[in-house]
Structure formats: structure tokens, C-alpha cells
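This report refers to the structure that appears directly beneath it.
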Amino acid sequence: MAEKQLLLIDGNSIVFRAFYAMHTQIDRFTNQDGLHTAAIYGFKLMLDHVLDNFKPDAALVAFDAGKTTFRTAKYHDYKAGRAKTPEELTEQFPYVRQLVEASGLHSYELPDYEADDIIGTLAKQADQAGFRTLIVSGDRDLTQLATDHTTVAVTKKGVTQTEHFTPEYMKEKLGVTPTQFIDVKALMGDSSDNYPGVTKIGEKTALNLIREYGSLDGLYENIDQMKKSKRKENLINEEAIARQCQDLARIRRDAPVKIGLADLAYEGPQQEKLIDLFEKLNFKSFLAKMQVAPDTHQPVVSEQVQFTELTTDNLAELKQIKDQMVFLLELPDPNYHVSAVAGFVIGSQGHWWVSQDPELLSAPEIKELLENPKIKKDTFNAKAHYVALHRQGIELHGNGFDFLLVSYLLNTNDNSNDLGQLAHEHNYYQVQSDEEVYGKGKSRHLPDDRSVFFTHLVQKGMAIEQLKHPLTDQLHENEQWPLYTDIERPLSHVLAKMEIAGVHVDATTLKEMGSKLKERLAELEQAIYNEAGEEFNINSTKQLGTILFEKMKLPVIKKTKTGYSTSVEVLEKLQGRAPIIDNILVYRQISKIQSTYITGLLKVIHSSDQKIHTRYLQTLTQTGRLSSVDPNLQNIPVRLEEGRKIRRAFKPSQPGWKIFSSDYSQVELRVLAHVTGDRNLQQDFIDGKDIHESTARRIFHLLPGEKVTPNMRRQAKAVNFGIVYGISDYGLSQNIHVTRKQAHEFIQSYFKEFPGVQEYIENIVKLAKKQGYVETLTHRRRYLPEINSKNFSRRSFAERTAMNTPIQGSAADIIKIAMINMNEQLQKAGLKAKMLLQIHDELIFEAPEEEIDQLRELVPKVMDSAVKLDVPLKVESKVGDTWYDLK
DNA sequence: TAAGTCACG
DNA sequence: ACGTACGTGACTTAC
């Protein structure tokens, strides 16, 4: 039989390592009571890692008993001068001990001795008893305990990466034995334990000396033969010190420990205790993992799930469904416009039906359920379901509880798209994440075993059912119920319709542009190679940096983490120094257009209808805005003419139709005027002034007759933006190229003219610090966990967010309301016009020419009456034959 | 997979 | 003294 295995952990040193390894994230690891948990978390990581790789029969975590030990008695400076252990760490120790206990490991401490000595003593006993021992520590001193039967693992990076010291490894790496290492320490000293060693002897010299003389004793026996040197003098003069240091460095192997190997049997973790502890500590990922047996990947605590596989023969069973059902499609590809349907689950009143046959959805028994608005569907991502079902000719109606949408509203940080992960966030563990069931990356696939697949589907359905009521209650508590039922839920349907409608993009136009750009790129490439004197990859910032800053010796303006910055700001500062710069700037511009907007868009035009169908992510941004992916249609070029031409390819889908667009003018600044209540800002909007001009007039103290110069307006505009973003003098100075001092003066002047804004900023930050979150007009909530961080940079960021989010988020609320109303009004008026795109403050439609006059009236009316603010909203409309031609 | 860059509001 | 504007997504190169 294999030899027995003993695990010995140096508790204090691992806790310290864990604490400092995760120190940069100290504020991210706190539980609901503000207790810091990073060290406990790190300790648990280490523990799991060790137990995965080493199966102990006996295990002990040794702790230091107190500040004073026999070493301090002998040498009172031992470990003196150490910085006091921070409170954020000391508060974690009791929990580490609870963790150790719940994990089924013994712990021990011994007055007057350090953890090292306990470990040294027990390791010796274990060697004699024929155990194989693993010692885990963050302290290299313990390597002196390595023997043929005892390996010492010392943390290297983080808490799980360790270096394993055996006698052979030490011989190879350091050229000394474990015992000799004690004498090395004696000579070199230890600054953290605060013993000096011999003057001028560091690790290198100490190792050399011990390698040469074999030991400290050997060295002093032969010291007379040593060549005369300052070092020899020091060694002779400080022999007593060296001997004392040797005594301090030597870990005791005969400490009076009151326990023996027989008391250390490892019997594995106590689930209940661990669950309680992790809940207290808010360790959700560990909780999630615990619920699943690592071998079967089946949840440990779930009762056997019961389900019926639907066939054409038993569809009649669904007749019992009356007013509510859980419905979930399994769509393996995140792009639900094209994804296959791998299966689906229907649940109602404790019955679960599953199928892998999407054809069944079109059976009247199911189709009628789905299309009946009186039967509410509880699901996950209703929008994806609308779109996917639409492809099968099914119109989904009756949107009930949408777990994805609700999770996001409760906490915008929960923007995972995985049902299992989100369920875990809400402390529901009887469901696995898709990654756990299907794998990730290349190896992601549906399980071969159909029952595994169906079980997963049913468990997802059950999660929706179980979480519906608690999460609905939370929405009510947060005053977010109307936000859900009146805005986000109906919006998901509106967005689905827009995505399904798609936008016609003319591939021929793009291809023609593409071939012209290709020629220009080739010319630019040649010019750049000529100027550089060699061929290189212009798209590689690394290669470009070498050419510009090493070969051509241009001045380095800015560095990035990995090398020279070659961003536009940098290149613009270098303009005029070499013709290559202009060419690179143009090359970059063209190649961006070519790769992202020509090739990129061509790839996503559906061949069936010549349209692009983006997906709006409704549960991603921290502010409540939408985002657009596959492709992103919210960043089609407009600022520079060259790129703007891309918009020529965006055309109406039918002859005789036009593109129509309406956008909110200065919506964020109007929201600012509303939420701050600033009288001056409000008055300027009420008076219908050009807001940047009137801001300039105020902050530059112009008299009534004086003109606002374009430069003044430009600067005032930047100040206005700065205010919305959470201003800093540095940021503003960078943006408008003035000194920091000037920027500071602009800001002060702004606050003087708009005192309500200044007051708002102060108040919102205070409020955020007090309640931990900020809200928009519709009670959309963003939590700011770092608002009270001790780290200046993190805290400042949270403070800027605290002021920006209500502004940007309320503007997002407004256009969402407008979109829902717009959808209704178009229907009501019986118009053929279709809403196609939303670009944050702008809505784009296509419509028959004869409807344009109606739209010119209707759209602005709907948009500016979406909400009632203390200032008017202003909407501007344009029409054209393509998106480019809007006028 | 991360970093750099650049497109948009 | 700290290290900076807010919110996004796609493409490319380099590791």
C-alpha cells in the first residue's frame, strides 16, 4: 500500500501571502457587512489547489500563537520594527480558522513557538513514521525542512503557484542542502525577521561560503586559512552574531507539541459548515462549485428532475396549461438571428416537457400557447425568443418574467448572458452554467447523453420558476417594477421588431468603395515603405514604433505599457517632422474603413434579404444605454467625410422609400439642467439658446454686445462635455490643449455661473457614498462598490460615474420610452414606416415617401413628449435617399 | 487572450 | 501626491 500522506500548512504565512497577492483588489473582496475577505478567499484557493494535487491522510494548519516566542526572549529585536498588521487583515483571521475547521483540517498553535516550529516537529515525526509530507508556506525559510520524505511548497506567484523544494532541487538550484540553508540564513540574516547576519554578506556570498566550507562550524574551524580581507574581519568580529542568527534561523524539530500524527486524520470537508461560512462571506463562486459533484457534474443537492419528452403523440398534455408557463429555447449560437434551436422546455404547474425537435414548436398545440397573449411566458431573454420564433412563423406574445432582464435591472453588474451564472448570483444553485454542461471554446458541444441535456434544460426552467417571485419582490422594493413592466419589457419586443426588420445595405456600393480604397491603400503603403526605407507591417504598433522612434529617431511623446504609443494624438504632435506621419494617419483612417466597415459589413449582410440584422444588447451597459453587436450599427462613421460615405450603402429596402431620422438635440445637457435644477442652465434652454454659445458667454463673462468667438464656443462645449463626464482639470486641459491651470479656471468659472450644477455634483457623490448606488429618472440603478475605496484612483472613478450615470442613464430612459411610444403610434396611425436603428439619441426609420410629411410631425412629437422635464426637449429631423444623404 | 487603436453617442 | 474625462464594439497584432 502507498505510504500515508501528511499535509502541513504554515497558516500565518499563507494568509499574509493571500492578503498581499490580492491587495490590489482589496475593495472588491468584501462581504455584505463590509468585512474584507480577500485573504480568506486566497486561502481557500490555495487549499483547493493543494487538495486537488495532494491527497492527505492527515492534515494540519499551524498558526503563530502570539507576538512573543522563545526567539524574542533570546533576542528581543526578533521580528521587531514590523509594520502593524492592517486591520483589513486581522479581521480575517477568525474566519480563516473557521474555514480550516470546516474544511476538515486540524489547526494548532503553541505558546512561545512559531508555526514553523510546530511544522518542523511534526514533519520530523512523520518522517520517522514513514509518512510522505507536504509542507505549504509562503516563507522560503521552511525549505530547511525538506527531506527525502518531505517536500516544501513555497508560493511563488499568487497563492496557487508554488515552487517545490526537495533536497535534490535545492542542491541543483542553490547548491546547498536543506540543513546548510540554516547556516546560509545565519550569515545573510533576514530583514523581515529583523536579524542581521554578518555585515556585508548577502545571499550570494552566504551560499558561496557555505558551499565551500560545508557549514558555519566548518567555516569558523577554517577561518584562519581564509585570505585576509574585510569580509574575513567581519566574519571573525561577528562570530557571536552569526551563531545567534543560526539559532534564530533554525526551525525547532523538538517543540513540545501536545498533539501527534494520530490526532491529525483528514476526513474531508463538512459541507453544511462550509456553506454557512461561504454564505456569510458572500463567496458565491465557491458556493456554486460546491453544489456540483466534480466527477458526475450533477448538482449534489437537487432531487431527481422529472420530465416528459414531447412527441407528436403526447402534445395533448399541454392542454392543461392555463395562464402561465415557463418557456425556454436552447439556442447554442449567441446570434439568435441564425442560431439553430437545439431544444426547448415548457413548464407549468410542476410538469416539465422537453424536446430536441424544433419542428414541434409549429404544432398547433404549442404555437397557440406561444401566440396567446393571455398565457404569460416566464423565460430568459424574451427578445431572443421573439426573433428565433419569428423565423418559424410564430409570433410570441405574453411576456411575463424575463429572468435576464430582471437580473440586469436589479444589478447592472450582473450582465452575464448565462442563466446558471445569474441564478448563482441570486443564491440559487440547483442549476449549472452552460459552460459547465457544454464546455467552452472549441470543445463546446451539446452533451451526447440526451438525459443530461434535458436535465439541464429543466433545471434552467426550474431556476426561472423559483427565482420569479423573490426577484419580482426585489424589483418592487427598489421601486423598479414600472421600469420593468412599462419600459424594459415592452422595449424588448420593440427591439426584436427592429432587429427582425433589419436595414438594407447595398453590397455593390460597399464593394465599389472597397476596390477604390484598396488602390489607395496600396499607394499609401508604398509611400510609407519608401519613407521608412523598408517594408514592415504598418498595422503593427510594435513595428511602427520601431520605425518611427528607433530608426527615424522621432521624439517619443507617450509610452504604453508595452512600448511606444503611436495613437492619433501622438502622431498629430509629430506632424510636420516627417512626411511619413501624414501618410500613416491617412493609411490608418482608410484601413479602418476598409476592414471594419467594408469587409466587416459585407460579411454580415444576409444573402436572403440583403439586410443587416444587428442585435441590441439590452442588458449590458452600466448606464442603461443599448449596445449593438454583430455588427455594431451604432458606430458607423459620420465625423470624417471619407468614412461618412459608408452611409451611402444604407438604403431603404423598397423603391420609393426614404430614410428618415430624428435626433434629440443636447439631450444630456437638458437632463443635466433638469436634475440639477440649475436656474441659469434651465433658463438658457427655455430661451432656446445655443447652449455652448451661452455657456461661453457666461464663463468668459462677455458683455451683451460682445461676440462669442468660435474658439470660445469650442472651449465652452468641451467644458459642457466635461461636466457631464465628471470633470477634472487635467482631463479638460488634455482635451482642449490648455494648461491645467486654465482648465481649472474654466471649471471654477462654470461652477460660479451654474451653482446648481456644482451643488448637484457634491450631493450626488455624497448620496452615492451613503447608499452605495445612484439612480436615473426611472429608478434604473447602478451600484458603485468602489465609491468608498481607499484607492484614490478607484474612488475618483466611482465619483465621476456617480455624476455621469444619472445623466447618461436618464437620457437612455427617455429615448427608450420614446421608442415604445413610437412603436404604438406607428401602429395606431397604420403607417408602413419602420423603426430600424437607435443610436443613443437618434432614431432611424425607413418609410414610403408619402408618409414622410406625417413622420416629420409625429416622430418629434412622440420623442419630445416622452417625459416631462423642467426644460423642453428638442428634436431635429432629416430625410434622404440613403443614410448618407440625410438633410 | 490582452493590448492598442479607432469608430460612434 | 495620487492619475484622470462618460458609455460602447470591432479589428489587428503579439503573446
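All chains are named by letter (A, B, ...) in the order of the sequence lines, taking the proteins before the strands, and each is independently numbered beginning at 1.
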Which part of the nucleic acid, if any, lies within contact of [X], taking any heavy atom under 4.0 Å across all strands shown: a base, the sugar-phosphate backbone alone, or nothing?
X      : value
A:Q543 : sugar-phosphate
A:I593 : nothing
A:I839 : sugar-phosphate
A:R639 : base

Any side-chain heavy-atom pair of [X] and [Y] under 4.5 Å:
X      : Y      : result
A:Q715 : A:F746 : yes
A:R588 : A:L544 : yes
A:K741 : A:D729 : no
A:I814 : A:Y664 : yes
A:L633 : A:L601 : yes

Note to self: According to ring pair (Phe, Tyr, Trp, His ring centres under 6.0 Å), who are the partners of A:Y750, at least two apart in sequence or on a separate chain?
What the structure shows: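 Checked A:Y750 against ring pair (Phe, Tyr, Trp, His ring centres under 6.0 Å); matches are A:F754.
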Notebook entry, point to check: Who pairs with A:Y587 by ring pair (Phe, Tyr, Trp, His ring centres under 6.0 Å), at least two apart in sequence or on another chain?
Noted result: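 Partners of A:Y587 by the ring pair (Phe, Tyr, Trp, His ring centres under 6.0 Å) criterion come out as none, since no residue qualifies.
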Checklist line | Close residues, residues 625-638 of chain A, relative to DNA chain B [heavy-atom separation under 4.0 Å] | finding: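 Nucleic-acid contacts, sorted: A:R625, A:Q634, A:N635, A:I636, A:P637, A:V638.
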Checklist line | For DNA chain B, the residues among residues 799-817 of chain A that have a non-hydrogen atom under 4.0 Å from it | finding: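 Residues of residues 799-817 of chain A under 4.0 Å from DNA chain B: A:Q808.
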Notebook entry, point to check: Taking only residues two or more places apart in sequence, or in another chain, which ones meet A:K611 in a side chain to side chain contact (heavy atoms under 4.5 Å, CB included)?
Noted result: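 A:K611: side chain to side chain contact (heavy atoms under 4.5 Å, CB included) contacts with A:H504, A:D609, A:H613, A:S653.
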Check: Between A:K542 and C:dT12, does any side-chain N or O lie under 4.0 Å from OP1 or OP2?
Finding: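 Result: no.
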Check: Honestly, is A:R740 close enough over A:Y730, meaning NZ or CZ under 6.0 Å from the six-membered ring centre and within 45° of the axis?
Finding: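 No, A:R740 does not sit over the ring of A:Y730.
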Next item on the list: Please list every stem that involves DNA chain C, where a stem is a run of 3 or more consecutive Watson-Crick or G-U wobble pairs with both pairing distances under 3.5 Å.
Entry: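 Looking at DNA chain C, the stems formed by three or more consecutive pairs are B:1-9 with C:6-14.
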Quick one, which residues of [range] touch DNA chain C with a heavy atom under 4.0 Å?
range                       : result
residues 557-582 of chain A : none
residues 729-746 of chain A : A:Y730, A:L732, A:N735, A:R740
residues 594-605 of chain A : A:S595, A:T596, A:G600

Notebook entry, point to check: Which residue pairs pass the salt bridge (Lys or Arg N to Asp or Glu O under 4.0 Å) test when at least one of the two sits in residues 797-806 of chain A, sequence neighbours left out?
Noted result: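 Sorted pair list: A:K769-A:E799, A:R795-A:E799.
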Check: Which residue pairs satisfy the salt bridge (Lys or Arg N to Asp or Glu O under 4.0 Å) criterion with at least one member in residues 662-674 of chain A, sequence neighbours excluded?
Finding: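 Every pair satisfying salt bridge (Lys or Arg N to Asp or Glu O under 4.0 Å) with a residue in residues 662-674 of chain A: A:R625-A:E668.
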Check: Between which nucleotides of DNA chain B, 5' to 3', does chain A make heavy-atom contacts below 4.0 Å?
Finding: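 In short, chain A contacts DNA chain B from B:dA3 to B:dG9.
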